[in-house]
Amino acid sequence: MFDFFHRERSDLRTVDPARVPPGQVVTQKWPVLHYGGVPKVDLKTWDFRLFGLVEQPIRLSWAEFQRLPRMTIRCDIHCVTRWSRLDNTFEGVAVKDVLELASVKANAKFVMIHAEKGFTTNLPLDDLLQPNVLLADTHDGQPLTPEHGWPLRLVVPHLYFWKSAKWVRGFEVLANDRPGFWEQYGYHMRGDPWKEERYS
Ligand SMILES: Nc1nc2c(c(=O)[nH]1)N[C@H]1C(S)=C(S)[C@@H](COP(=O)(O)O)O[C@H]1N2
Ligand SMILES: [Mo]
């Protein structure tokens, strides 16, 4: 039988089953998954844009982004392809702080995330406003590697990891939901791993 007191003391490889959503298998590695190639990014021309249903459209340079207040989260990753990676540390800027810069309009309900090379993913605004949702540039104390999204990726710990867009470049605030890249192929519009919202 599972004994979490023993695990806390000694056995880091013993996994608390309550932390693993249905249908998931825990891995110690961090797989790399994305469509297409790893984009080449130039920080001199990089920007992050907030547009759509906002009072004040915003364009942040990399230097401006670096000046925003930072925070660290510890979270588990759950990929729809059935691997989970526990205890990740990400550092970056809280998404709710970034959205506040633009002040979203009263009828805003959804956000389309835009990343390099036209990758998109959609999610409800309420999910993005959760306090531990981050625009992250480090993982476990190191700068993100290019294949994991350097210079900046979204991290939405409570949804399947395909919502956590790598190489993110902007948020488009919307009144009505619209499917992003994987969602157009049938992936779920929200993607809660605890409800196994894999496909629509
Ligand atoms: N820009 C971009 N972000 C993306 C993807 C992608 O194809 N392009 N794939 C998503 C998917 S399906 C997953 S599972 C995670 C994988 O992140 P990782 O490679 O850091 O594990 O990135 C997500 N973010
Ligand atoms: Mo994925």
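All figures in this text were calculated on a predicted structure; none of them were measured in a lab. In each ligand, atom 1 is the first atom listed, and ligand 1 is the first ligand listed.
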| task | Heavy-atom distances under 4.0 Å are what count here, so tell me which part of Trp167 touches ligand 1: side chain, backbone, both or neither. | result | side chain
| said: If you count heavy atoms of other groups shown closer than 6.0 angstrom to CZ of Arg70, is the number above 12? | reply: yes
| So which heavy atom in the protein is nearest atom 16 (C) of ligand 1, and how far is it from that ligand atom? | Leu33 O, 3.3 Å
| field | Enumerated ligand 1 atoms positioned under 4.0 Å from heavy atoms of Ala165 | value | 3 (N), 24 (N)
| task | Assess the pair His139 and Phe90: is the distance between their ring centroids shorter than 6.0 Å? | result | yes
| request: Tell me which one of Cys79, Gly36, Ala115 gets a heavy atom nearest to atom 14 (S) of ligand 1. | output: Cys79
| said: For Tyr35 and Phe181, take the angle between the two ring planes, folded into 0 to 90°, and tell me which bin it lands in: parallel under 30, tilted 30 to 60, perpendicular over 60. | reply: tilted
| task | State whether a side-chain donor-acceptor pair under 3.5 Å links Gln56 with Ser103. | result | no
| said: Below 30° counts as parallel, above 60° as perpendicular, anything between as tilted: where do the rings of Tyr185 and Trp182 land? | reply: tilted
| message | Whether Arg190 and Asp177 form a salt bridge (side-chain N of Lys/Arg under 4.0 Å from carboxylate O of Asp/Glu) is what I want to check. | response | no
| query | Which atoms of ligand 1 sit under 4.0 Å from any heavy atom of Trp30? | reply | 18 (P), 20 (O), 21 (O)
| Side chain, backbone, both or neither: Tyr187 near ligand 1, heavy atoms under 4.0 Å | neither
| For His148, is at least one N or O under 3.5 Å away from an N or O on ligand 1? | yes
| query | Counting each atom of ligand 1 from 1 as listed, which ones have a heavy atom of Trp83 under 4.0 Å away? | reply | 21 (O)
| Trp182, portion touching ligand 1 at heavy-atom distance under 4.0 Å | side chain
| message | Side chain or backbone, does Glu116 bring an N or O within less than 3.5 Å of an N or O on ligand 1? | response | no
| So which protein heavy atom does atom 23 (C) of ligand 1 come closest to, and at what separation? | Phe161 O, 3.6 Å
| field | Nearest-0.5 Å distance, CG of residue Asp97 to CG of residue Leu68 | value | 8.0 Å
| By number and element, which atoms of ligand 1 are closer than 4.0 Å to a non-hydrogen atom of His34? | 5 (C), 6 (C), 7 (O), 9 (N)
| query | Within the distance-only criterion (no hydrogens, no angle test), does the side chain of Gln24 pair as donor or acceptor with the backbone N or O of Trp83 below 3.5 angstrom? | reply | yes
| field | For atom 21 (O) of ligand 1, closest protein heavy-atom neighbour | value | Pro31 O, 2.7 Å
| query | Any side-chain donor paired with an acceptor under 3.5 Å for Arg74 and Thr89? | reply | yes
| message | Heavy atoms only: which of Phe181, Phe119, Trp162, Tyr160 lies closest to atom 2 (C) of ligand 1? | response | Phe119
| task | Measure the distance from atom 17 (O) of ligand 1 to every protein heavy atom, then report the residue, atom name and distance (to 0.1 Å) of the closest one. | result | Arg153 NH2, 3.2 Å
| Which residue and non-hydrogen atom of the protein lie closest to atom 7 (O) of ligand 1, and at what distance in Å? | Tyr35 N, 2.8 Å
| query | Of all the atoms in ligand 1, which lie at a distance below 4.0 Å from a heavy atom belonging to Val32? | reply | 19 (O)
| request: Decide if atom CG of Asn176 counts as having more than 12 heavy atoms of other residues, nucleotides or ligands within a radius under 6.0 Å. | output: no
| request: Answer with side chain, backbone, both or neither: which part of Lys117 has a heavy atom less than 4.0 angstrom from an atom of ligand 1? | output: neither
| message | Side chain or backbone, does Lys166 bring an N or O within less than 3.5 Å of an N or O on ligand 1? | response | yes
| query | Are Phe119 and Leu128 co-members of a hydrophobic cluster defined by side-chain heavy atoms under 4.5 Å apart? | reply | no
